[in-house]
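Following: one structure in structure tokens, then a few remarks.
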Amino acid sequence: MFKNILKEFPILDRKINGKKIIYLDSACSALKLKYSAQAQMDYLLEYGSCAGKRSTHYLSELAEEKFHYAREKIAYFINSLSEEIIFVSGTTEGINLAANSLLLNKSDEIVISGLEHNSVFLPFYRLSKEKGIKLKIIPLKNYQPDFSSFKKILNKNTKLLCITAASNIFGGDVKYEKFLNEAQRMNIPVLMDCAQYAPSHKIDINKMGDIIAFSGHKMGAPFGTGVLYIKKDLMFKMNSSKLGGGTIKSANFSGKNIKVELLKNYMSFEAGIQNYAGIWSLFKTMEFLNQIGMENIRKHISNLAIYAFEKLSSIKEIQILGSDFDKGSLISFKPLLKNFSVQDFSIYLSDDLPDYIIAIRCGKLCADLPSLYSGIDNVIRISFFIYNSEKDIDVFVDSLKKYLKIIKK
Ligand SMILES: Cc1ncc(COP(=O)(O)O)c(C=O)c1O
């Protein structure tokens, strides 16, 4: 456990109705760092003005300076250029924006892995319905996208591959590297959903796709913050689907008609006033995590994942889903008893234990595609972040065993 870390998460440091909270739902949303909340509040109170070079007064110039600095630092953390960073409200907005900004034709094909979250699946599903683009899905084999099927569905019309860096439903590693290499070999751009990857892995865009997206709220930053990275060369070939203030280069009359020229850089994707305070806090959060060290965070979470896997493996009434758990940040499993309701179990953990309130996630987990392709739709997921310890897992496993005894009676 990191020194003094619980002080950063006041809710974990106190009792509610006499019970301690054990938070094992960070894959949904991590608890927020006090440091980040404070950074957001300080920003709001000290610089509550707009940035983006709209106004030229003192406060606006300060706001622009901070906005620019946050972009440069976040770019530095992920090894990109600052003009490749687009601020968004989260992974969902980032992927929708990217999907709808690609210039696609009817004959084009998009390949997505069967592991994708609804925030990847649905924007491309709709594009396929509305624009007649072909959507091809890579089927799953042992909770992984099947590489040989992938190779068969690629062709000269493939315009994008989407593959998640870490699944939100199956624990462990997504072996994305060979997919990435194959797509790059064929000059096919790759979009990687990094929502589950970013909180506990060092992102280096030189080893990832051409487009990546992640959310601040899963790493302890405020809600409504996130990053969409688009490689510069690709960004120039896209047209932002979101337009408004800050996205225009010029507007003129051409005879009787109006002719508008739009910006062609990251600014064209950030229409309107931005969440400056949230972005500042996202930068401070990433700085905080980098100061702990992403490798140290990874090690801590890997140890917890292995520990949880070992403890859960001895329970014969469940089936653990996934493999290579030390590479991921969550473990999910499916109950094998017919009368085991995952929802009732979640309520039991939250309401019925004498000393603890345990927060977990259960159900389909916004992952309809993996659910369709694996036939698994009712899972229990526990997920880890910097505040978790082995004791959290001990209490969870003991409670699961008690629940199994109750329903077997
Ligand atoms: C793998 C994955 N992708 C995308 C998302 C969507 O993230 P957000 O709701 O922060 O936009 C989630 C959220 O749980 C996720 O787990």
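Atoms within a ligand are numbered from 1 in the order they appear, just like the ligands themselves.
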**Asked** With sequence neighbours excluded, what pairs up with Lys66 under the salt bridge (charged side-chain N to carboxylate O under 4.0 Å, His left out) test?
**Response** none
**Prompt:** Salt-bridged, Lys284 to Glu287, with N to O below 4.0 Å?
**Reply:** yes
Ligand 1: protein N/O within less than 3.5 Å of ligand N/O:
from	atom 1	to	atom 2	distance (Å)
ligand 1	3 (N)	Asp193	OD1	3.3
ligand 1	3 (N)	Asp193	OD2	2.5
ligand 1	10 (O)	Ser215	OG	2.6
ligand 1	10 (O)	His217	NE2	2.6
ligand 1	11 (O)	Thr91	N	3.4
ligand 1	11 (O)	Thr92	N	2.8
ligand 1	11 (O)	Thr92	OG1	2.5
ligand 1	14 (O)	Lys218	NZ	2.5
ligand 1	16 (O)	Gln196	NE2	2.7

**Message:** Quick test of your reading of the model: are Lys151 and Glu182 salt-bridged, counting only N-O distances below 4.0 Å?
**Reply:** no
**Prompt:** Are Lys32 and Phe223 in a cation-pi contact, defined as NZ or CZ under 6.0 Å from the six-membered ring centre and within 45° of the axis?
**Reply:** yes
All N/O donor-acceptor pairs, side-chain side in residues 104-120, below 3.5 Å, sequence neighbours left out:
from	atom 1	to	atom 2	distance (Å)
Asp108	OD1	Lys159	NZ	3.1
Asp108	OD2	Asn105	N	2.6
Glu109	OE1	Lys136	NZ	2.7
Glu109	OE1	Asn155	ND2	3.0
Ser113	OG	Leu115	N	3.1
Ser113	OG	Glu116	OE2	2.6
Glu116	OE1	Thr164	N	3.4
Glu116	OE2	Thr164	N	2.8
His117	ND1	Ser119	N	3.0
His117	ND1	Ser119	OG	3.0
Asn118	OD1	Asp368	N	3.3
Asn118	ND2	Cys366	O	3.4
Asn118	ND2	Asp368	OD1	2.9

Residues 330-339 side chain polar contacts: donor-acceptor under 3.5 Å, at least two apart:
from	atom 1	to	atom 2	distance (Å)
Ser332	OG	Ile169	O	2.5
Asn339	ND2	Ile407	O	3.0

